[in-house]
Amino acid sequence: MKIHEYQAKELLSKEGAAIPLGIPVNTPGEAVAAFDKLGGKPVVLKCQIHAGGRGKGRFKDSGKDFGGVKYLTRREDILPVAEVMFRFPLVTAQTGPLGQKVSKVLVQSAADIAREIYLGVVLDRASGMPVMMACAEGGVEIEELARTHPEKILKTAISPEAGLQPFQARKMAFALGFTPEQAPHAESIMMALAKVFLEKDCSLAEINPLVVTPTGEVVALDAKITFDDNGLFRHPELESLRDLTEENPAEVRAAKAGLSFVQMDGNIGCLVNGAGLAMSTMDIIKHHGGEPANFLDVGGGANKDQATEAFRILLADTKVKAVLVNIFGGIMKCDTIAQAILAAYKEVGFHVPLVVRLEGTNVQEGKKILSESGLKIITADGLTEAAKKVVAAAG
Ligand code: ADP
Ligand code: MG
């Protein structure tokens with residue numbers, strides 16, 4: 001689960017990280033009021049969307065040449081800029097070509113910047129531990145730098161039990177070139193970032209940029225936090241931070257039904273049970289020249305209602321030109337899926353060809369239900385046959 005910059009900063013600030021003053025607003029008019037409340041001094045208007053790269057983004061079809069992070073000094077400029085931000089979708093390297101609608105803007109006191117530093121904590125799968133990464137050259141070019149000069153990224157592993165140790169933060173601060181006066185401030189921000197990462201079960205916690213001002217203050221100007229969905233049940237307090245308008249509606253709907261749905265770009269809908277089978281189903285579809293539109297994993301123990309909802313979600317996607325049902329019945333029984341197909345057919349109707357491959361528990365019962373139903377279903381026995389048939393059906 002992702003949250004907005006202003007929410008991430010609140011969490012970090014509670015742990016003692018220095019952040020600039022800021023007011024999240026919902027309308028252009030509120031942005032002007034926030035400018036006044038912050039003392040009429042220079043501010044940065046920052047679009048709150050879950051995608052990154054906002055500074056370098058552009059507002060779709062607006063004809064304007066500024067992005068989702070805009071530095072402004074004059075009161076009369078706030079309203080027109082905020083109006084563009086709330087009106088046009090913001091397209092960044094991470095949003096896709098349609099962009100993302102902005103419903104909140106953070107009006108933040110502008111900082112004078114002497115240096116920009118990157119600071120982040122992620123899970124390092126190689127060592128099986130959280131790792132703090134830092135780079136003396138942070139800011140909007142960090143992805144490029146990580147590609148071209150990976151040796152410039154400093155790393156230190158964090159013990160999941162003991163947390164980041166003060167000596168580790170100190171070493172990192174000096175390696176990043178902080179002066180003895182600045183180092184303690186940088187260290188407390190590092191400790192806050194590591195603490196939030198561990199305590200809230202994050203998969204990512206990032207400050208980019210962490211800046212040093214000309215007077216030597218150290219401040220977190222941007223923050224990004226992603227929580228591991230598998231840990232969310234331990235943090236009911238985080239539920240209120242969720243912004244469903246930022247999430248894929250089909251994925252939200254699937255999650256509500258206890259299904260896992262992943263949106264992709266092709267035209268073949270895949271209904272499978274188990275993530276491993278989903279991966280091999282997509283591989284074999286691609287191998288035979290097709291492109292998956294999504295995969296919907298009904299899991300090991302889905303019931304008839306869940307399976308029916310799964311079909312509704314798949315068929316609601318207008319990009320889907322054919323559906324492949326690939327079920328290996330274990331705990332999930334083939335006759336349950338067959339019944340779900342009938343139920344979904346009655347309820348929503350199939351406007352696209354449906355290829356079904358069933359194997360495993362109760363496969364004979366499942367096939368019998370389908371053949372006796374009189375529905376127009378293309379059946380297949382093997383995975384290769386199923387893939388070839390669905391690719392042909394999708395055109
Ligand atoms: P994103 O990473 O989505 O582009 P950031 O919040 O990092 O958004 O903003 C992009 C750049 O804008 C930063 O690297 C920084 O140079 C500048 N910036 C952001 N917030 C402020 C601020 N409060 N004062 C001055 N400059 C800022
Ligand atoms: Mg940033």
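Excluded from the calculations below are hydrogen atoms, water molecules and symmetry mates; all remaining heavy atoms, backbone and side chain alike, are included. Each ligand, and each atom within it, is numbered from 1 in the order the structure gives.
Tyr118 and Glu206 form a side-chain donor-acceptor contact under 3.5 Å, judged by distance and modelled atom types alone. The closest side-chain donor-acceptor pair between Asn26 and Lys104 falls under 3.5 angstrom. Using a 3.5 Å distance cut-off with no hydrogens or angles, the side chains of Ser127 and Asp124 do pair a donor with an acceptor.
Protein heavy atom in closest approach to atom 1 (P) of ligand 1: Arg54 N, 3.6 Å. In this structure, the protein non-hydrogen atom closest to atom 23 (N) of ligand 1 is Gln108 NE2, 2.5 Å. The nearest protein atom to atom 27 (C) of ligand 1, hydrogens excluded, is given as Leu221 CD1, 3.4 Å; this is a heavy-atom distance. At the top of the distance list for atom 20 (N) of ligand 1, counting protein heavy atoms only, stands Lys46 NZ, 3.2 Å. Distance from atom 11 (C) of ligand 1 to its nearest protein heavy atom, with residue and atom name: Val140 CG1, 4.1 Å. The protein non-hydrogen atom at the shortest distance from atom 26 (N) of ligand 1 is Ile113 CD1, 3.6 Å. Closest protein heavy atom to atom 15 (C) of ligand 1: Glu116 OE2, 3.1 Å.
Residue Ile113 forms a side chain to side chain contact (heavy atoms under 4.5 Å, CB included) with just one option from Thr213, Val219, Leu221, and that option is Leu221.
For the residues Leu21, Asp222, Ile142, the heavy atom positioned nearest atom 2 (O) of ligand 1 is part of Asp222. Among Val44, Val69, Val43, the residue whose heavy atom lies nearest to atom 9 (O) of ligand 1 is Val69.
At least one N or O atom of Ser109 sits closer than 3.5 Å to an N or O atom of ligand 1. Between Glu5 and ligand 1, not a single N/O pair is under 3.5 Å apart. The shortest N or O to N or O distance between Ala111 and ligand 1 is under 3.5 Å. For ligand 1, the polar-atom distance check finds an N/O of Gly55 within less than 3.5 Å of one of the ligand's N/O atoms.
Asn326 places a side-chain heavy atom less than 4.5 Å from the side chain of Leu383. Between Leu12 and Leu193, the closest side-chain pair of non-hydrogen atoms falls below 4.5 Å. Between Phe295 and Met282 the shortest side-chain heavy-atom distance falls below 4.5 Å.
Residue Asn208 touches ligand 1 through its backbone alone, judged by heavy-atom distances below 4.0 Å.
Distance alone, capped at 3.5 Å, places no donor-acceptor pair between the Asp297 side chain and the Ser260 backbone. Side-chain N or O atoms of Gln7 include one that pairs as donor or acceptor with a backbone N or O of His4 at under 3.5 Å.
Shortest distance from the Mg ion (ligand 2) to Asp222 is reached at OD2 (N/O/S atoms only).
Atom CD1 in Ile49 sits 11.0 Å away from atom CG in Asp243 (nearest 0.5 Å).
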